[in-house]
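Below: the structure, in structure tokens.
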Amino acid sequence: MAKMKYRVAVAGATGAVGREMLKVLEQRDFPLSELVPLASSRSAGTTVPFRGAEVLVREMGEDSFEGLDLALFSAGGEASKRFAPFAARSGCVVVDNSNAWRMDPGVPLVVPEVNPQDLDGHKGIIANPNCSTIQMVVVLKPIHDRARIRRVVVSTYQAVSGTGQKAIAELEEQVRRLMNGMEVTPKVYPHQIAFNCLPQIDVFLDNAYTREEMKMVNETRKIMGDDSIRVTATAVRVPVFYGHSESVNIETEKELTPAEARVLLAKSPGITVVDYPDKKAYPLAIDAAGEDDVFVGRIRADETIVNGLNMWIVSDNIRKGAALNTIQIAETLIARDLVRVP
Ligand code: NAP
Ligand code: 3JN
């Protein structure tokens, strides 16, 4: 029997994603009876704003989750690996934003518009995918159901907020210094990010792809429940504060015209189609920032193959890409009466 209200921890409550989670919990009037903001010893004792009050931040420890129902984690992979099992063991269901559990075969990796059924049978930890994957699969899912996707070629244009608070500050500072004729010394990124594009997100792997790129490949297949979909990705950091953009090329088994794709996507959950080239209207990061939907436009035929589409997909990486998707997972758990650890 589902409870009416839940005691919820936000682990990483002082970070870029954690702060957005608090906002989303407020905005969606999440059925919450108690909020427990957790962070490291660095921020313990400070406060975060929630529902008109300042709530004390506590240091996350092994016993932080006793008596709680849900823990929404965005404190990085290391903290998640260490603390999420303690939460689950004390009966608190974890929705985790890091890479730590995503490819674990026993952990559902969920985007509620795509694979909510994967939550059934969870064992206490649920993973939230990478932001670039989330916005792409929201669009791929209806296309796959209609026309069977064979191959996806994606290039991303990712905002600095994806790297956290320090990266937001770095872009601001570099822009200010360069506009005043001063030199800059990159700290967060390997190169200057202001007025530049960096074709490296996260570390390089043995196959010459970056870890961010391989997250998109592997997570897409797991979420879509289809290992036959071939995905290749190039992930690029751009000097944008909020909103990831993606150029996506899709090859399908069956024909789907751009007009049919527009109609299909416009009626699919979580998607807004903005595709009026004659009016110069297409999705833009600055318009998507602060919004919940995934925006898609520039839908057109790939004239070099038989069944191919090109499109431009944009979404707020901190909202749908992280905080909002996490809270939508929690809401789906509630709706399916799954807020319990078996
Ligand atoms: P951030 O702005 O740097 O914030 C990090 C947060 O984690 C802070 O609240 C920090 O607390 C806390 N923290 C760090 N180490 C901790 C520890 N050992 N114990 C408890 N709390 C700890 O980073 P962010 O952008 O919010 O991202 C946080 C994490 O979310 C990332 O590392 C990543 O795993 C995940 N994320 C996922 C996506 C996605 O694609 N779905 C996107 C962005 C981020 P202090 O204030 O005490 O330092
Ligand atoms: O760089 C981006 O735009 C997205 C970043 C995601 C991220 C950043 C630090 C650690 C992740 C993630 O969620 O994939 C992680 C992580 O793997 O935990």
Side-chain angles (χ1 to χ4, degrees), residues 9-23 36-48 57-62 64-65 71-84 86-87 94-103 109-111 126-137 156-171 188-189 193 198 200-203 210-219 223 233 235-238 240-246 285 315-329:
V10 172
T14 53
V17 176
R19 285 179 182 277
E20 195 67 26
M21 281 190 190
L22 301 181
K23 257 200 244 168
V36 179
L38 301 171
S40 77
S41 56
R42 290 180 293 273
S43 296
T46 63
T47 60
V48 286
V57 176
R58 302 182 205 166
E59 181 177 354
M60 180 152 66
E62 292 169 0
S64 295
F65 307 95
L72 312 177
F73 268 68
S74 67
E78 246 177 70
S80 178
K81 270 275 181 219
R82 172 153 178 231
F83 294 109
F86 284 98
V94 172
V95 186
D96 178 48
N97 245 288
S98 80
N99 190 38
W101 305 98
R102 289 180 190 149
M103 296 314 293
L109 179 65
V110 174
V111 177
I126 293 120
N128 186 78
N130 175 267
C131 43
S132 301
T133 309
I134 293 176
Q135 66 183 65
M136 185 170 77
V137 295
T156 70
Y157 304 67
Q158 298 184 216
V160 295
S161 52
T163 318
Q165 305 277 34
K166 284 187 187 138
I168 297 172
E170 175 146 310
L171 175 57
V188 176
Y189 294 116
I193 180 64
L198 310 180
Q200 178 189 350
I201 297 184
D202 210 330
V203 295
T210 61
R211 189 151 63 194
E212 184 80 355
E213 290 161 352
M214 292 315 295
K215 283 176 186 172
M216 294 189 76
V217 172
N218 297 321
E219 294 178 18
I223 298 161
V236 181
R237 184 76 62 197
V238 296
V240 165
F241 285 105
Y242 293 95
H244 285 1
S245 304
E246 297 176 344
S315 192
D316 185 324
N317 53 301
I318 298 297
R319 280 185 83 83
K320 183 58 185 166
L324 173 65
N325 198 69
T326 301
I327 287 154
Q328 287 173 319
I329 292 173

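Every heavy atom of this structure was used, including side-chain atoms; hydrogens, water molecules and symmetry mates were not. Read the numbers this way: they start at 1 and go in the same order the structure lists the ligands and their atoms.
For the pair Q200 (side chain) and D202 (backbone), a donor-acceptor distance under 3.5 Å is present. With E213 contributing its side chain and A235 its backbone, the two residues share a donor-acceptor pair below 3.5 Å. With hydrogens and angles ignored, the 3.5 Å screen pairs a side-chain donor or acceptor of N325 with a backbone N or O of V110. Between the T156 side chain and the V236 main chain, a donor and an acceptor come within less than 3.5 Å of each other. Looking only at distances, a side-chain donor or acceptor of S98 sits under 3.5 Å from a matching main-chain atom of A100. Using a distance-only test at 3.5 Å, with no hydrogens or angles considered, no donor-acceptor pair links the side chain of S43 to the main chain of S40. Remark: the backbone N or O of A159 is paired with a side-chain donor or acceptor of R237 at under 3.5 angstrom. Between the side chain of N317 and the backbone N or O of G243 there is at least one donor-acceptor pair closer than 3.5 Å. Q158 contributes no side-chain N or O that, together with a main-chain N or O of S132, makes up a donor-acceptor pair within less than 3.5 Å. A side-chain donor-acceptor contact under 3.5 Å links S161 to the backbone of F241.
Any N or O atom pair closer than 3.5 Å counts here, and A16 shares at least one such pair with ligand 1. In terms of N/O distances under 3.5 Å, ligand 1 is approached by G15. Between R42 and ligand 1, at least one pair of N/O atoms sits closer than 3.5 Å. Checked by distance only, ligand 1 and P129 come closer than 3.5 Å through their nitrogen or oxygen atoms. Polar contact with ligand 1: present for G12 (N/O pair, distance under 3.5 Å).
Closest to atom 7 (O) of ligand 1, if we only count protein heavy atoms, is A75 CA, 3.3 Å. The nearest protein atom to atom 42 (C) of ligand 1, hydrogens excluded, is given as A322 CB, 4.2 Å; this is a heavy-atom distance. In terms of protein heavy-atom proximity, atom 19 (N) of ligand 1 is closest to M60 CE, 3.8 Å. Ranking protein heavy atoms by distance to atom 36 (N) of ligand 1, first place goes to N97 O, 3.9 Å. Considering only non-hydrogen protein atoms, atom 32 (O) of ligand 1 sits nearest to G76 CA, 3.2 Å. Here the heavy atom of the protein found nearest to atom 23 (O) of ligand 1 is G164 CA, 4.1 Å. Of the protein's non-hydrogen atoms, the one nearest atom 10 (C) of ligand 1 is T14 OG1, 3.9 Å. From the protein, the heavy atom lying nearest to atom 43 (C) of ligand 1 is V17 CG2, 3.7 Å.
Only the side chain of N128 comes within 4.0 Å of ligand 1, counting heavy atoms alone; its backbone N, CA, C and O stay farther away. Of the heavy atoms in A44, none comes closer than 4.0 Å to ligand 1.
Heavy-atom contacts of S74 reach the following atoms of ligand 1: 6 (C), 7 (O), 28 (C), 29 (C), 30 (O) (cutoff under 4.0 Å). Ligand-side atoms of ligand 1 in range of Q165: 2 (O), range being under 4.0 angstrom from any heavy atom. Under a 4.0 Å criterion applied to the non-hydrogen atoms of C131, ligand 1 contributes the atoms 39 (C), 40 (O), 41 (N). The ligand atoms of ligand 1 that sit less than 4.0 angstrom from a heavy atom of G321 are 39 (C), 40 (O), 41 (N). Each of the atoms 11 (O), 20 (C), 21 (N), 47 (O) of ligand 1 lies under 4.0 Å from some heavy atom of A39.
For the residue pair T133/E219, the side-chain donor-acceptor check at 3.5 Å is satisfied. N130 and E212 form a side-chain donor-acceptor contact under 3.5 Å, judged by distance and modelled atom types alone.
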For ligand 2, what N or O to protein N or O distances fall under 3.5 Å?
| unit_1 | atom_1 | unit_2 | atom_2 | d |
| --- | --- | --- | --- | --- |
| ligand 2 | 1 (O) | R237 | NH1 | 3.3 |
| ligand 2 | 1 (O) | R237 | NH2 | 2.6 |
| ligand 2 | 3 (O) | Q158 | NE2 | 2.9 |
| ligand 2 | 3 (O) | R237 | NH1 | 3.0 |
| ligand 2 | 3 (O) | H244 | NE2 | 2.9 |
| ligand 2 | 13 (O) | N97 | O | 3.4 |
| ligand 2 | 13 (O) | R102 | NH2 | 2.6 |
| ligand 2 | 14 (O) | R102 | NH1 | 2.8 |
| ligand 2 | 14 (O) | R102 | NH2 | 3.4 |
| ligand 2 | 14 (O) | N130 | ND2 | 3.1 |
| ligand 2 | 14 (O) | K215 | NZ | 2.6 |
| ligand 2 | 17 (O) | N99 | N | 3.2 |
| ligand 2 | 17 (O) | K215 | NZ | 3.1 |
| ligand 2 | 18 (O) | N99 | N | 3.0 |

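Among S132, S40, A79, S98, the residue whose heavy atom lies nearest to atom 21 (N) of ligand 1 is S40.
Within 6.0 Å of NZ on K81 lie more than 12 heavy atoms contributed by other residues, nucleotides or ligands.
Across every non-hydrogen atom of R102 and L109, the tightest pair is CG-CD1, 3.6 Å. Contact record, I193 with V238: CD1-C, 3.9 Å, taken as the closest heavy-atom pair.
A search for ring pair (Phe, Tyr, Trp, His ring centres under 6.0 Å) contacts involving F65 returns F73, not counting sequence neighbours.
The CZ atom of R82 sits 8.5 Å away from atom CE of M60, with the distance rounded to the nearest 0.5 Å.
The shell of residues lying under 4.0 angstrom from ligand 1, judged by heavy atoms, excludes S41.
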